Amino acid sequence: MKANRKQRLITVLLILATSATGSFLIIRALDSNLDFFFTPSEIFKEEIPNNKRIKVGGMVLEGSVLRDKTNISFVITDYQGSINVEFDGIVPDLFKEGSGVVVVGYLRDKTLVAEDVLAKHDENYMPPSIDIKN
Amino acid sequence: MFNFEFNSLAEAFLMQSQNGQNHGIFVWSVLIIVFVSILATFIFYKMSIKKITKKLK
Amino acid sequence: MYQVDRAYSYIFYVSLVLYLVSIFWGLFVTPEDFVQGNSYRIIYLHVPASFISQSLYIAMAIASAIFLIWKVKLSAYLVRSIAPIGAITTFIALISGSIWGIPTWGTWWVWDARIVSTLILFIMYLGLISLHDSFSNHEKADKFLSILVLVGSVNIPIIKMSVEWWSTLHQPASITISDKPAIDLVMLYPLFGSIVGFAGIVACLVILSSKLQILRRERNKSWIKNYV
């Protein structure tokens, strides 16, 4: 390989390395700010002011869903911690006991008053006739 | 082996799922957006190439 | 260029048939999903576009490196020609994902890491195009563009890994190299077909785009006069 060509190859690699390190540092600095939601156990570890809008994600605890007209209350859990949620509105179709949700809302005495409930689904796809293994 | 999921065109249009929701509107609108944008891109490039070759001749 | 013209129609018809058959199969023949119902069928349109939009950027980055190291002029044309096609496929990925989110997640837009990094990819494609076109000196534009493409290539692993590194509303990948696919085989075959078919159709678009680029940039050369 010719000398100047080699030099250009090194330049290309340098560009790649610099931008990779740069973004790595930015991402490290932002860290948890890039998370879309927190888990219930993370929420109680830190003090969260009442006026801060938070997103909490986890599983809807089985048997915890109570409906009263348009009001719905349930518990979301990550099997280490859990939190009560109250919501007045329409939940997505995929909202089910035992399935994933992300709740957007405010904390009011250990209860999450939801503004919005989003359903989270996993990466598994299969026809309904096949039973879920594991 | 070759079994259609829908028995009629109307059923395929609505795409009612087991939970009773009609998902056809979402699936069909995505299909249309994809086809239209790909087709428009093809037409744009074909036309541009035609225009420039005409100019070069 | 003559060989490319001949190969073009083969690629086009084979991939068009493959794509349409796979889409038809996916939309009307495969059973519905056990969680998402029929709305999951958008996967056959969304996943190929997302996958190709990222692959095109990798192709652009490779072409940029080739241009910067070996000074191959055609490589620089390729970088500029891929950018608008990449923008179109990313646009399709974003729109189809948005519509898919309505019946499943209950929202059409969230600021989660996967979606934001894909939006950045879209903006990057648009930015690269307008940057290149703002130069009056083509040689300078090519060089600048290639360097920026290389700098931006760091976004691709970020898109890929976003669903693993951070908590996102978007689910992790269903098809990975290391693990058994998380999608049932009857659904996987048409998905695979639609990805390959879409890749072929997009390859045709890249060929057309490159042709336009070559005709524009080389219009004063004698071989172009012979060609047209």
Side-chain angles (χ1 to χ4, degrees), chain A residues 1-2 4-24 26-27 30-39 42 55-58 89-96 99-102 104 116-132, chain C residues 30-37 39-40 43 61 64-71 101-107 110-117 146-155 157-158 162-163 165-176 181-188 191:
Chain A
M1 204 182 256
K2 278 188 205 149
N4 55 347
R5 210 172 281 165
K6 204 169 181 178
Q7 203 177 354
R8 290 199 295 259
L9 175 70
I10 292 166
T11 319
V12 166
L13 292 177
L14 261 173
I15 294 169
L16 284 174
T18 333
S19 65
T21 342
S23 15
F24 175 74
I26 293 169
I27 287 168
L30 289 168
D31 196 29
S32 66
N33 288 326
L34 289 167
D35 277 319
F36 183 63
F37 57 82
F38 299 99
T39 58
E42 282 167 350
K55 300 192 195 80
V56 185
I90 302 158
V91 292
D93 298 335
L94 293 193
F95 179 89
K96 245 187 250 132
S99 71
V101 280
V102 176
V104 189
D116 212 355
V117 174
L118 308 174
K120 182 170 163 56
H121 62 82
D122 61 12
E123 70 277 26
N124 294 302
Y125 297 91
M126 62 182 98
S129 52
I130 299 171
D131 289 319
I132 312 159
Chain C
T30 55
E32 64 175 270
D33 179 56
F34 77 121
V35 176
Q36 301 183 36
S39 65
Y40 104 92
I43 200 174
S64 298
I66 291 174
F67 172 67
L68 287 175
I69 298 166
W70 286 280
K71 300 275 166 203
I102 301 169
T104 50
W105 299 342
T107 179
V110 288
W111 296 98
D112 94 346
R114 168 58 72 86
I115 299 170
V116 172
S117 53
S146 313
I147 292 171
L148 272 185
V149 167
L150 284 177
V151 171
S153 62
V154 71
N155 191 30
I158 293 178
S162 58
V163 287
W165 289 343
W166 303 291
S167 67
T168 54
L169 189 60
H170 195 288
Q171 71 281 7
S174 295
I175 310 167
T176 50
I183 174 164
D184 197 81
L185 279 183
V186 289
M187 298 162 165
L188 183 64
L191 180 60

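Keep in mind that this is a model prediction, so the values were computed, not measured. Letters A, B, ... mirror the listed sequences (proteins, then strands); counts begin at 1.
- Listed by chain and residue number, nothing satisfies the ring-ring contact (aromatic ring centres under 6.0 Å, His included) test with C/W165 (two or more places apart in sequence, or in another chain).
- With a 4.5 Å cut-off on non-hydrogen atoms, C/W111 touches chain A through its backbone but not through its side chain.
- Distance check: C/I115 CD1 to C/S162 OG gives 9.0 Å after rounding to the nearest 0.5 Å.
- Put simply, CG on A/N4 and NZ on C/K71 are 9.0 Å apart, with the number rounded to the nearest 0.5 Å.
- Looking at A/N124, the atoms closer than 4.5 Å to chain C (heavy atoms on both sides) sit in the backbone and in the side chain alike.
- The aromatic rings of C/H170 and C/W105 lie perpendicular to each other, with more than 60° between the two planes, well past the 30° mark.
- There is no contact between C/V163 and chain A, counting heavy-atom distances below 4.5 Å.
- Contact of C/I43 with chain A is made through the side chain alone, with heavy-atom distances under 4.5 Å.
- A distance of 12.0 Å separates OH in C/Y40 from CE in A/M126, rounded to the nearest 0.5 Å.
- Partners of A/Q7 according to the side-chain contact (heavy atoms from CB on, under 4.5 Å) rule, which considers only residues two or more places apart in sequence or in another chain, do not exist here.
- Only the side chain of C/S153 comes within less than 4.5 Å of a heavy atom of chain A; its backbone N, CA, C and O stay farther away.
- For the set C/G101, C/P172, C/A61, the entry with the most heavy-atom pairs within less than 4.5 Å of chain A is C/P172.
- With chain A as partner, the option from C/L68, C/T104, C/V35 having the largest number of non-hydrogen pairs under 4.5 angstrom is C/T104.
- If you tally non-hydrogen atom pairs under 4.5 Å between each of A/I10, A/L16, A/V102 and chain C, the highest count goes to A/L16.
- Side-chain contact between A/H121 and A/S99: absent, with no pair of heavy atoms (C-beta onward) separated by less than 4.5 Å.
- If you measure heavy-atom distances from C/L185 to chain A, you find no contacts under 4.5 Å at all.
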